[in-house]
Amino acid sequence: MNSAVSNLIISLGAMQVARKIPFEDPEVLNYVRIGYAATQLITLAIYFYTSYKIKAKNDQTVLKFVEPANPMSPDSGGLVTTTNRDYDLGEVSKLLKGVYMGVAMMGFLHIYMKYTQPLFVQALMGLKNLYEAKPVVIHILGRKAEGDLKRPFKGAPSMFGAAGQPATDKAAIDEAEKRVGGSKEE
C-alpha cells in the first residue's frame, strides 16, 4: 500500500479512536503523554542504534547519482558522489531531524494550544514511520537493499505532483560529470 494512503488511513482511524478517549480525565491524559513520550524515545533510540550499525558496517561502496533540481533552490541538483555509509547516515540524520521537529510541534500544540488528541495520533504515526524508515528496514530488519530499498532512495510523491527522483542511469551520470568538468575548465 502507498505510504501516503496508509498515513491517511491510520490518521483517520486514530482520530476516530481518539474521539472516544476521555482526555478530560487527568489520569488518562497522563497515560497518553507517557505513551507519546515513550514512542518518541523508542524511535530516537532505534534511529541512533541504526546509525551505530551503519558506522559498524562501514560500507564504503561508492554511490553515484544525479540529484533532482529543487524548483525552490536554483543551486540544488547535480552529481552526487558518496558512499553507502555516508548516504545512509545522511538519511538517518534526516529522520532524526523529523522526530525533533515533530516533538517541537507537539510541544507547541499540546503545551501552548492545549490540544490533546494529536498526542495519541502522533504516537501511532511515529511507530508507523519507524517501521517504514528505509535505513531501519535495511540495517535493523535485515532486508536487502533491492527494489524500493535500493540506494538512492526514491522520495515520496508530494502534494504538488511527482517528486523528482534521483537519476542513477549511466547516461545521466555521464552528462552530470561533463557539466561539472566543463564548469571547472571555464
Side-chain angles (χ1 to χ4, degrees), residues 1-55 67-76 86-143 148-149 152-166:
M1 184 184 319
N2 185 352
S3 179
V5 173
S6 63
N7 279 346
L8 183 65
I9 290 171
I10 290 173
S11 293
L12 292 175
M15 283 191 276
Q16 293 304 313
V17 172
R19 290 176 55 197
K20 306 222 184 295
I21 297 175
F23 288 109
E24 303 81 31
D25 182 359
E27 187 176 347
V28 171
L29 183 57
N30 281 335
Y31 284 132
V32 172
R33 287 175 179 154
I34 290 168
Y36 174 76
T39 300
Q40 299 311 310
L41 289 173
I42 289 169
T43 301
L44 287 172
I46 290 177
Y47 286 160
F48 282 120
Y49 182 67
T50 303
S51 179
Y52 168 77
K53 293 280 281 189
I54 292 168
K55 290 175 184 173
E67 194 172 55
N70 182 350
M72 301 296 183
S73 174
D75 296 334
S76 68
D86 293 338
Y87 182 78
D88 287 351
L89 286 174
E91 292 298 309
V92 171
S93 176
K94 290 178 192 174
L95 293 169
L96 285 168
K97 288 177 188 173
V99 172
Y100 296 145
M101 286 300 297
V103 168
M105 288 295 294
M106 282 310 307
F108 173 76
L109 287 173
H110 182 63
I111 295 168
Y112 184 71
M113 304 288 286
K114 307 290 186 211
Y115 290 133
T116 53
Q117 285 184 350
L119 285 174
F120 178 74
V121 175
Q122 287 303 311
L124 296 178
M125 294 304 293
L127 292 174
K128 180 206 169 285
N129 292 337
L130 176 65
Y131 181 72
E132 288 184 347
K134 291 178 180 175
V136 172
V137 172
I138 292 171
H139 296 285
I140 304 297
L141 300 180
R143 295 202 190 131
D148 286 345
L149 299 176
F153 304 135
K154 299 206 181 321
S158 71
M159 301 182 340
F160 307 111
Q165 303 298 334

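Ring centroid separation for the pair Y87 and F153 comes in under the 6.0 Å cut-off.
Here the straight-line distance linking atom NZ of K97 with atom OH of Y47 works out to 14.0 Å at 0.5 Å rounding. In this structure, the separation between NE2 on H139 and NZ on K53 is 9.5 Å, given to the nearest 0.5 Å. Separating the CG atom in D86 from the NZ atom in K55 is a distance of 10.5 Å, to the nearest 0.5 Å. Taking CG of L29 as the start and CD of E24 as the end, the distance is 9.5 Å to the nearest 0.5 Å. In this structure, E91 CD and S51 OG are separated by 12.5 Å, a value rounded to the nearest 0.5 Å. One distance of note links OG of S93 with CG of L89; it measures 8.5 Å at 0.5 Å rounding.
For the pair V121 and A14, the tightest heavy-atom approach, listed with the atom from each and the gap, is CG2-CB, 3.9 Å. Closest approach of F120 and A18 over heavy atoms only: CD2-CB, 3.8 Å. Contact between T50 and P135 at its shortest, heavy atoms only, is CG2-O, 3.7 Å.
With T39 contributing its side chain and G35 its backbone, the two residues share a donor-acceptor pair below 3.5 Å. At distances below 3.5 Å, not a single donor-acceptor pair connects side-chain atoms of Y131 with backbone N or O atoms of V137.
The shortest side-chain heavy-atom distance between L119 and H110 falls under the 4.5 Å cut-off. Taking the side chain as every heavy atom from C-beta outward, Q40 and V99 approach each other to under 4.5 Å. The shortest distance between side-chain heavy atoms of Y36 and V103 falls below 4.5 Å. Residues M105 and P118 have side chains not in contact (no heavy-atom distance under 4.5 Å, counting atoms from C-beta outward).
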### Task
I would like to know whether R19 and Q16 meet side-chain contact (heavy atoms from CB on, under 4.5 Å); could you show each step before the answer?
CA-CA 5 Å; R19 290 176 55 197; Q16 293 304 313; 3.1 Å; yes
### Verdict with supporting geometry, V28 and I21, side-chain contact (heavy atoms from CB on, under 4.5 Å)
CA-CA 8 Å; V28 171; I21 297 175; 3.5 Å; yes
### Query
F48 and V92: side-chain contact (heavy atoms from CB on, under 4.5 Å), yes or no, with the steps?
CA-CA 8 Å; F48 282 120; V92 171; over 6 Å; no
### Query
Are R143 and L149 close enough, and set up right, to give a side-chain contact (heavy atoms from CB on, under 4.5 Å), and what steps lead you there?
CA-CA 8 Å; R143 295 202 190 131; L149 299 176; 3.8 Å; yes
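The neighbour count for Y49 OH, taken as heavy atoms of other residues, nucleotides or ligands under 6.0 Å away, does not exceed 12. Crowding of D148 atom CG: a count of heavy atoms from other residues, nucleotides or ligands under 6.0 Å not exceeding 12.
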